Amino acid sequence: MKKVTISIVYHSRGGHTERLARQLAGAMTTECSVVNLVDVSRVSACLDLLHDSDTIVFGSPTYFGNVSAEFKHFMELTGGFWYKQPWKDKLAAGFTLSSTSNGDKLNTLESIMLFACQHSMNWISLGILPRFLNNEQTEGQNRLASYIGLMEQCDNGDSIINTQHPGDLLTAELFARRIVEVTVRYKAGSSMGLQPVNS
Ligand SMILES: Cc1cc2nc3c(=O)[nH]c(=O)nc-3n(C[C@H](O)[C@H](O)[C@H](O)COP(=O)(O)O)c2cc1C
């Protein structure tokens with residue numbers, strides 16, 4: 001089977017989201033998948049890459065409880081082709097990070113998921129449960145107990161990119177693997193020649 005193509009579209013001002021995007025890209029590059037990494041600042045020149053992708057993963061930092069202005073600008077740029085629905089039935093997933101444990105990151109992921117659904121994409125949930133030991137939640141995988149997509153907490157260090165929490169690193173690795181697996185399975189299924197239901 002031909003390799004699947006996964007594209008990551010992200011914005012980052014201080015570098016933390018970019019680091020996470022690069023980690024995901026590295027972990028999703030396998031013998032059966034290729035990955036494109038697209039910063040929103042150059043997305044206009046990369047639209048064909050996105051249109052040819054099997055899966056598009058969207059990432060934005062959480063600024064004031066939502067996607068950043070730059071990421072929202074990217075969202076609105078897609079209005080130029082939205083009605084043609086070139087991303088219909090592609091797979092989609094999302095990630096965000098912020099400097100506090102909660103920080104309203106859920107609203108950011110909900111905005112990204114809603115955007116993907118307006119493009120009629122199929123959403124890949126995080127699919128990784130938090131771990132419990134003697135009924136106590138651990139600081140391991142999915143320590144922030146997210147379900148829509150990947151969340152990470154990073155400090156507010158403007159000048160430095162601080163070290164990541166090991167639980168966040170593990171969750172990112174597991175999520176990357178899940179996105180590749182779901183994409184490969186989905187692509188194999190869609191090659192069974194089922195006729196798409198055209199609305
Ligand atoms: C304008 C602005 C608004 C922010 N709002 C939030 C917020 O709502 N919740 C939060 O936890 N962190 C917030 N932060 C902290 C950022 O999420 C944090 O610095 C993150 O690392 C930014 O990602 P980046 O380094 O990829 O730009 C905000 C930062 C900025 C600059």
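All residue numbers in this chain count up from 1 along the given sequence. FYI, side chains are in, hydrogens and waters are out, and symmetry mates aren't considered; it's all heavy atoms of this structure. Both counts, for ligands and for their atoms, begin at 1 and track the order of listing. Because the structure is predicted, anything quoted here is derived from the model rather than measured.
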Per-atom filter on ligand 1: closer than 4.0 angstrom to a heavy atom of Thr100 are 10 (C), 11 (O)
In ligand 1, the atoms that come under 4.0 Å of a heavy atom of Phe64 are 1 (C), 3 (C), 4 (C), 5 (N), 6 (C), 7 (C), 8 (O)
Decide whether an N or O pair under 3.5 Å exists between Asn102 and ligand 1. no
Determine the interplanar angle of the Phe115 and Trp87 rings, folded into 0 to 90°, and report it as parallel if under 30°, tilted if 30 to 60°, perpendicular if over 60°. perpendicular
side-chain contact (heavy atoms from CB on, under 4.5 Å) test vs Ser53 passes for just one of Thr5, Ile8, Val35, namely Thr5
CD of Gln153 to NE2 of His16, rounded to nearest 0.5 Å, is 11.0 Å
Taking distance alone, with N or O pairs closer than 3.5 Å, would you say Thr62 contacts ligand 1? yes
Parallel, tilted or perpendicular: which one describes the rings of Phe58 and Phe74, with boundaries at 30° and 60°?
tilted
If we number the atoms of ligand 1 from 1 as shown, the ones under 4.0 Å from a heavy atom of Pro61 are 22 (C), 23 (O)
If we number the atoms of ligand 1 from 1 as shown, the ones under 4.0 Å from a heavy atom of Arg13 are 24 (P), 26 (O), 27 (O)
Check your understanding: Is there any N or O on Gly14 that sits under 3.5 Å from an N or O of ligand 1?
Key -> yes
For Asn66 and Ser111, the nearest pair of non-hydrogen atoms, with its separation, is OD1-OG, 2.8 Å
Going by the 4.0 angstrom heavy-atom rule, the piece of Cys154 near ligand 1 is side chain
Worksheet item: Counting heavy atoms not belonging to Arg131, are there more than 12 under 6.0 Å from its CZ?
Response: no
*Between the side chain of His165 and the main-chain N/O of Gly167, is any donor-acceptor distance below 3.5 Å?*
yes
So the atoms of ligand 1 within less than 4.0 Å of a heavy atom of Leu97 turn out to be 17 (O), 20 (C), 21 (O), 23 (O)
Nitrogen or oxygen of Thr17 less than 3.5 angstrom from that of ligand 1: yes
